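Below is one structure, written out as structure tokens, with a few remarks after it.
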Amino acid sequence: MTAPVGRFAPTPSGRMHLGNVFAALLGWLSVKSRGGSFVLRMEDLDTQRTSDEFAEILRQDLRWLGLTWDLETEAQSKRSAVYDRYFEMLESQGLLYPCYCTRSQLHSVNAPHLSDGTYVYPGTCRNLSEQEKAAFGRVPAWRVKVPDKIWTVEDFVQGTYRENLATHCGDFVVRRADGVYVYQLAVTVDDGEAGVTEVVRGMDLLSSAPRQMYLQSLLGFEHPQYAHVPMLMAPDGRRLSKRDKDMDLGFLQQHLKPEQLVGILGHACGLLPKPVAISPQELALSFSWEKVRKEDIYLDISPFL
Ligand code: GLU
């Protein structure tokens, strides 16, 4: 078997919070426990929210944690010419069409909303005539047609997850009207080109996996193995996010050593019987996905501070 290739693909829009650290740690442990390599990639498609300064702090934070990477691939904001090529590949398969729907149309009562905020696109612009397209007089977004087919994700943590894109989200946008490629396309191309064999990330992205598997199948990439790790929750039930300043690494570094933080997270997810200080290298020696819990993790870090 060839060595696995994992990746951490953060959005440099703020300081890492515990949830990001947790996903990065598990992704690193998974490949390093089997002699694999780890790729870092900055997902900075949203240039308004992201910055090179945050990207540099992220790298420092990963180094502080001891989560080394073997390669950093090009940031997404620099890759629109690459994405253009894959966009053309989809277009040549007759799978793309321009969509002129406005935001308010998309969010109208006619579009059923799913619990994760996704709505099912009803295919409004699928069959527009050239005349109808010209009449809009504006630059469209582009959608990819989805088949009525069930995609099965065999997830290391969550087990089997099935989804039919036709009923889950409908035809989805791959390039926005402002020309920016969407996360689903960029992540598929970047993981595929980097030869990523396993994608470890937060559970909130599980329902993106079928869209990415579909694009992988169209663009000629192998499906990676997936592991969607539990979300970390504050004791009061909130999901930890970038808004929780008290849980970002800037704050935590003032109170904890990296090995302590690794031990706390390793214990919280089931890898360690006690929250003892441990380096990622040591933890990798006994790592196994079978030990990792799949339910949300309520973590009260205050006793450790
Ligand atoms: N860039 C995404 C984030 O920071 C992660 C995307 C992924 O891992 O596929 O949440």
Side-chain angles (χ1 to χ4, degrees), residues 4-31 38-59 61-62 65 67 69 71-79 83 86 116-118 151 153 155-158 161 163 169 172 174 180-216 219 221-233 239-244 247-249:
V5 181
R7 49 62 148 193
F8 181 51
T11 302
S13 61
R15 203 71 200 247
M16 278 218 263
H17 62 82
L18 267 186
N20 306 128
V21 175
F22 182 55
L25 174 66
L26 287 181
W28 189 95
L29 290 172
S30 179
V31 287
F38 198 56
V39 174
L40 176 64
R41 172 177 77 239
M42 295 298 163
E43 299 214 319
D44 58 352
L45 284 172
D46 183 348
T47 49
Q48 304 286 323
R49 279 176 54 234
T50 57
S51 72
D52 290 345
E53 287 72 33
F54 280 133
E56 192 42 41
I57 295 172
L58 251 154
R59 290 184 199 101
D61 286 345
L62 289 171
L65 285 156
L67 303 179
W69 55 98
L71 172 74
E72 178 169 355
T73 56
E74 200 173 32
Q76 292 185 330
S77 62
K78 310 255 178 341
R79 285 172 58 79
Y83 305 140
Y86 288 93
D116 67 354
T118 317
W151 295 88
V153 184
D155 195 276
F156 272 147
V157 184
Q158 306 300 330
Y161 171 75
E163 189 182 288
C169 59
F172 60 92
V174 290
V180 176
Y181 286 98
V182 305
Y183 159 72
Q184 305 293 356
L185 183 85
V187 80
T188 302
V189 168
D190 292 350
D191 284 341
E193 286 203 339
V196 166
T197 61
E198 54 183 67
V199 168
V200 178
R201 59 189 174 193
M203 172 62 194
D204 53 340
L205 287 168
L206 178 60
S207 74
S208 283
R211 271 170 280 179
Q212 292 165 20
M213 288 174 76
Y214 173 47
L215 291 176
Q216 286 150 12
L219 299 175
F221 296 121
E222 300 271 316
H223 298 313
Q225 175 70 52
Y226 287 100
H228 289 88
V229 302
M231 304 309 292
L232 292 187
M233 317 291 275
R239 183 181 283 187
L240 291 180
S241 75
K242 288 191 172 141
R243 284 184 296 279
D244 293 296
M247 285 299 153
D248 80 21
L249 263 195

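Keep in mind that this is a model prediction, so the values were computed, not measured. Both counts, for ligands and for their atoms, begin at 1 and track the order of listing. What's counted below: heavy atoms across the whole structure, side chains too, no hydrogens, waters or symmetry copies.
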I'd like to check which ligand 1 atoms, numbered from 1 as shown, lie under 4.0 Å from a non-hydrogen atom of Arg201. 7 (C), 8 (O), 9 (O)
Please evaluate residues Gln158 and His228 with respect to the criterion side chain to side chain donor-acceptor pair (under 3.5 Å), reporting the C-alpha separation (whole Å), side-chain torsions for both, the decisive distance (0.1 Å), and the verdict. CA-CA 7 Å; Gln158 306 300 330; His228 289 88; over 6 Å; no
Could you tell me if Asp190 and Tyr83 have a donor-acceptor pair between their side chains, going purely by distance under 3.5 Å? yes
Any idea which part of Thr11 is under 4.0 Å from ligand 1, heavy-atom wise: side chain, backbone, both or neither? both
Compute the shortest N/O to N/O distance between Val200 and ligand 1 and return yes if it is under 3.5 Å, no if not. no
Taking only heavy atoms of Arg7 into account, list the atoms of ligand 1 that are under 4.0 Å away from them. 7 (C), 8 (O), 9 (O)
Proximity of Met42 to ligand 1 by residue part, where a heavy atom lies under 4.0 Å: neither
Which one of Ala9, Gly27, Ser13 has a non-hydrogen atom at the shortest distance from atom 5 (C) of ligand 1? Ala9
Got a salt bridge between Glu193 and Arg41, using NZ or NE/NH1/NH2 to carboxylate O under 4.0 Å? no
In short, Gly202 meets Ala23 closest at the heavy-atom pair N-CB, 4.4 Å
Near Leu205 (heavy-atom distance under 4.0 Å), the atoms of ligand 1 are 5 (C), 6 (C), 7 (C)
Work out which heavy atom in Asp44 is nearest to a heavy atom in Ala75; give both atom names and the distance. OD2-CB, 3.5 Å
Quick check: Phe8 with Trp28 (ring centres under 6.0 Å apart)? no
Within the structure, is a non-hydrogen atom of Tyr183 found at a distance of less than 4.0 Å from ligand 1? yes
Nearest heavy-atom contact between Gln184 and Ser208 is NE2-OG, 3.0 Å
Looking at ligand 1, does Gln212 have a heavy atom less than 4.0 Å from it? no
Within the 4.0 Å heavy-atom shell around Glu43, which atoms of ligand 1 are there? 1 (N), 2 (C), 5 (C), 6 (C)
So the atoms of ligand 1 within less than 4.0 Å of a heavy atom of Val187 turn out to be 9 (O)
Does Glu222, at its CD atom, have more than 12 non-hydrogen atoms belonging to other residues, nucleotides or ligands within less than 6.0 Å? no
